[in-house]
Protein chains: 2
Amino acid sequence: MILKRLTTLRKAKRWSLQYTADRLGIAKSTYAGYESGHRRPSLETINLLAGLYDTSTDYILGRVDYPYKDINTESPQVMELTDLSDMELAVDGISLSEEETIQFIAFIRAKREVEINRDKQNET
Amino acid sequence: MILKRLTTLRKAKRWSLQYTADRLGIAKSTYAGYESGHRRPSLETINLLAGLYDTSTDYILGRVDYPYKDINTESPQVMELTDLSDMELAVDGISLSEEETIQFIAFIRAKREVEINRDKQNET
DNA sequence: ATGTGGTGTACGCGTAACATGTACATTTAC
DNA sequence: GTAAATGTACATGTTACGCGTACACCACAT
């Protein structure tokens, strides 16, 4: 648990304890407790902190050693199933076989085909 | 806070509540409280869980959708379909509706159910 | 049928530790 | 110099966490 990193992160932003606490919605003394190590933030607060400081909870908690930023931009927002190169899909924790993925794509395409035909019918 | 992911992660390892709790050094009912959402784990426990489940605290907390095991390696990542919060899947460039995803998950589960029953038949 | 071990779920209680307000120390700006 | 802002430390009330316990369910064996 490396909460001392909080101080570094905060100072990198040139924020005061008060300002940070306000943004977190907690009292100044509460946040100060985190940095001093006397208190530990809740899970929600850790989440907020990672967002405020543009880093990850893993970095704040000391699981990784570099404060990678823009965690969201590193992962595409839309994943194209027909082009899954370095990614596996899973259901209930069990990875999909290649065949299952193919079936999935076929399933979706067929479903859409049906919908298109149905719409055409409705047009007339 | 997506602690529901804990259940998926645990079942992916085929662990029981008791076994997981033992490895965490806490009572079964305590860990069960996490998965049911009635209780929330401490920061240490979150850390341990991320290690046990080979994922990150960010994934457990729902900050990211990749259960990445190793940030630096390019090993294939596994994306849990039942657990996507801000990730979209697409086929032929068209995003899947939520309903389509749900239907597919049901499809896979049913398919696996059939396979399990067939295996049991073969055993006797 | 009855028992046994393993699993998941729900609840009440004691207590650890969290959040806060307050007070004090230190720094910065004027 | 003073005043405001910032950082630090502490006492207290209260939250909610962890635990034991009890119960329902299932698979399997007796």
Side-chain angles (χ1 to χ4, degrees), chain A residues 1-53 57 60-63 90-94, chain B residues 1-53 55 57 60-62 80 82-83 105 109-110 112-124:
Chain A
M1 205 76 26
I2 308 182
L3 291 174
K4 190 176 60 180
R5 279 181 175 162
L6 289 180
T7 306
T8 307
L9 289 166
R10 177 174 57 84
K11 294 195 169 173
K13 291 264 184 199
R14 317 236 169 196
W15 291 354
S16 67
L17 292 174
Q18 185 68 65
Y19 177 76
T20 306
D22 288 344
R23 295 205 55 172
L24 292 171
I26 61 178
K28 176 185 66 169
S29 60
T30 301
Y31 177 75
Y34 303 156
E35 291 198 2
S36 66
H38 290 77
R39 294 280 178 271
R40 290 163 8 171
S42 68
L43 297 182
E44 282 91 351
T45 306
I46 283 279
N47 241 330
L48 290 172
L49 280 169
L52 287 180
Y53 291 156
T57 59
I60 292 177
L61 296 177
R63 296 196 71 242
V91 169
D92 299 329
I94 303 171
Chain B
M1 204 75 26
I2 308 183
L3 291 173
K4 188 181 60 180
R5 280 183 173 160
L6 290 179
T7 306
T8 305
L9 289 167
R10 177 173 59 83
K11 294 194 169 172
K13 292 264 184 202
R14 318 235 169 198
W15 291 353
S16 67
L17 292 175
Q18 185 69 64
Y19 177 77
T20 306
D22 288 344
R23 294 206 56 172
L24 292 170
I26 62 178
K28 176 184 68 168
S29 60
T30 301
Y31 178 76
Y34 304 156
E35 292 197 3
S36 67
H38 290 78
R39 294 279 181 272
R40 287 157 359 146
S42 69
L43 296 181
E44 282 92 351
T45 305
I46 284 278
N47 240 330
L48 290 172
L49 281 169
L52 286 180
Y53 291 155
T55 182
T57 58
I60 292 177
L61 296 177
E80 175 58 46
T82 60
D83 229 5
I105 291 170
R109 282 177 175 158
R112 287 175 176 166
E113 193 71 22
V114 169
E115 285 169 356
I116 288 174
N117 291 335
R118 195 189 56 205
D119 291 347
K120 279 189 179 175
Q121 295 253 342
N122 292 344
E123 283 175 5
T124 58

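This one's a predicted model, so the numbers in the text were calculated from it and none came from an experiment.
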inquiry  = Around atom NZ of A/K13, are there more than 12 heavy atoms from other residues, nucleotides or ligands closer than 6.0 Å?
reply    =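 Atom NZ in A/K13 is crowded, with more than 12 foreign heavy atoms closer than 6.0 Å.
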- Query: Does a side-chain N or O from B/R10 land closer than 4.0 Å to OP1 or OP2 of C/dG8, or not?
  - Reply: yes
Look at the side-chain N and O atoms of B/Y34 and state whether any lies under 4.0 Å from the OP1 or OP2 oxygen of D/dG18.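 Yes, within the criterion.
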Check whether any side-chain heavy atom of [X] lies under 4.5 Å from a side-chain heavy atom of [Y], and answer yes or no.
X     : Y     : value
A/Y31 : A/L49 : yes
B/I46 : B/Y34 : no
A/I60 : A/R5  : no

Heavy-atom nearest nucleotide on DNA chain C taken for A/S29 and for B/Y19; more 5' hit belongs to B/Y19
Let me spell it out: for each of B/R39 and B/S16, pick the nucleotide of DNA chain C with the closest heavy atom. Which residue's pick is nearer the 5' end?
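Its nearest nucleotide lies further toward 5', so the answer is B/S16.
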Separation of atom [atom1] in [X] from atom [atom2] in [N], rounded to whole Å:
X     : N      : atom1 : atom2 : answer
B/K28 : D/dT21 : NZ    : P     : 12 Å
A/K11 : D/dT6  : NZ    : P     : 13 Å
B/I26 : D/dG20 : CD1   : C1'   : 14 Å
B/H38 : C/dC13 : NE2   : P     : 17 Å
A/D22 : D/dA5  : CG    : P     : 13 Å
B/R40 : C/dA17 : CZ    : P     : 16 Å
A/Q18 : D/dG7  : CD    : P     : 10 Å
A/Y31 : C/dT20 : OH    : C1'   : 17 Å

Test side-chain contact (heavy atoms from CB on, under 4.5 Å) applied to A/L52 and A/R10, step by step
CA-CA 9 Å; A/L52 287 180; A/R10 177 174 57 84; over 6 Å; no
- prompt: From C/dT20, C/dG8, C/dA19, pick the nucleotide closest to the side chain of A/S42?
  reply: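 Side chain of A/S42 sits closest to C/dA19.
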Regarding the side chain of A/L17, the nearest nucleotide among D/dC19, D/dG7, C/dG8 is D/dG7
By the 4.0 Å heavy-atom rule, please label B/T30 as base, sugar-phosphate, or nothing.
base
For A/A32 and B/G25, find the nucleotide of DNA chain D closest to each by heavy atoms; which residue's nucleotide sits nearer the 5' end?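 The 5'-side residue here is A/A32.
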